[in-house]
Novice: 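Questions regarding the structure given below will be posed in turn.
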Amino acid sequence: MSDRQTVLDVRHLSIEVQSDRGQTKAVQDVTFRIRAGEVLGIVGESGCGKSMTCLSILGLLPPSASLTYGSIRLGGRELTGLAPREMIRIRGSEVSLVVQNPMTAFNPLLTIGSQFIETLRLHGFRSRKEATEQAIRCLARMNLKDPGRILSQYPFELSGGMLQRVMIGLSISTNPALLVADEPTTALDSMNRGGVIDAFHAIKANRETAILLVSHDLNVIEALADAVVVMKKGRIIESGTVEKLRDNPEQEYTKLLWEARLTRSSRYQNGSRV
Ligand SMILES: Nc1ncnc2c1ncn2[C@@H]1O[C@H](COP(=O)(O)OP(=O)(O)OP(=O)(O)O)[C@@H](O)[C@H]1O
């Protein structure tokens, strides 16, 4: 995998947030990179800075947070300091976001098809026909049956798991170099989680898209990630391959995270429930 191109290169990222308790350091000196076709997992307890890290890459930090130091390079281009207009262009075309609850990502009043077409036309697909064909291809890649019918449906007509797969299909429809997925399976039951894992496997298989995957579910991380960073109180305390962190962790904290995983009832490997 080392001969593949680096897609995302984050160095010494530091983010401060303003809260009732004053200014606090949410992310400190975080460094990692992801190559094409690679999935990097971020794990760690609630509040350790996973979402802030993701949001900074997308240029979507809340007003209470600011990037105080560091560099974020996407495809060799520095993102920190870019004008908001430029970040809007990059979001959706070069980097896409998959969120926990797909309902919040879709307009409930519009069909899935019109939302696909709107996105694709914003990002260079000239005709409706071309955009529809691309939407159908993406839904089929997500293993969704009858994509043409899905395009005519409204978000509320689909189950949470199907809608999540539709959102993942939409997020790759513009061929972004990077996909940021923040807890993409957390709101789903175990069957639907398997479907979403399969969808990410399908994206991985093209060996082009880099994926940053935040999940508190170590089963999902184990099924998908090539490498993992473990965060605690805003810092990376350990990183390495899934196998190394699972079988030979250096930090007690990492060990505890994996032990907690073993207490969960279902495990996934390559998308299948075992
Ligand atoms: N909008 C906000 N304004 C101010 N502080 C925030 C805001 N969102 C998060 N924080 C703080 O920033 C720190 C990092 O939070 P972050 O949301 O990145 O953690 P997380 O690891 O994603 O947690 P979780 O798994 O619960 O989503 C925490 O101390 C949190 O309280």
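Numbering of ligands and ligand atoms starts at 1, following listing order. Residue indices begin at 1 and follow the sequence shown.
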Novice: Taking NZ, NE, NH1 and NH2 as the nitrogens, is one of them in E130 or R126 under 4.0 Å from a carboxylate oxygen of the other?
Specialist: no
Novice: Counting only pairs under 3.5 Å, give me each side-chain donor-acceptor contact of residues 62-79, with atom names and distances, residues two or more places apart or in other chains.
Specialist:
| residue | atom | partner | partner atom | Å |
| --- | --- | --- | --- | --- |
| T68 | OG1 | S14 | O | 3.2 |
| S71 | OG | E78 | OE1 | 2.9 |
| R73 | NE | G76 | O | 3.2 |
| R73 | NH2 | G76 | O | 2.7 |
| R77 | NH1 | E86 | OE2 | 3.1 |
| R77 | NH2 | E86 | OE2 | 2.8 |
| E78 | OE2 | I72 | N | 3.0 |
| E78 | OE2 | T80 | N | 3.3 |
| E78 | OE2 | T80 | OG1 | 2.6 |

Novice: Tell me which one of E16, R235, K233 satisfies side-chain hydrogen bond (donor to acceptor under 3.5 Å, both in side chains) with Q28.
Specialist: R235
Novice: Scan residues 247-256 for pairs that pass salt bridge (Lys or Arg N to Asp or Glu O under 4.0 Å), counting only residues two or more places apart or in two chains.
Specialist: K244-E250
Novice: In terms of side-chain heavy atoms, does E183 have a donor or acceptor partner in T186 at a distance below 3.5 Å?
Specialist: yes
Novice: Name every donor-acceptor pair, under 3.5 Å, that has one atom in a side chain of residues 109-119 and the other anywhere in the protein, sequence neighbours excluded.
Specialist:
| residue | atom | partner | partner atom | Å |
| --- | --- | --- | --- | --- |
| T111 | OG1 | S114 | N | 3.1 |
| T111 | OG1 | S114 | OG | 3.0 |
| S114 | OG | T111 | N | 3.3 |
| S114 | OG | T111 | O | 3.0 |
| Q115 | OE1 | N107 | N | 2.8 |
| Q115 | NE2 | N107 | O | 2.8 |
| Q115 | NE2 | L110 | O | 2.9 |
| T119 | OG1 | Q115 | O | 2.9 |

Novice: Compile the protein residues with any heavy atom at a distance under 4.0 Å from an atom of ligand 1; present them by chain, then by number.
Specialist: V17, Q18, A26, E45, S46, G47, C48, G49, K50, S51, M52, P62, S64
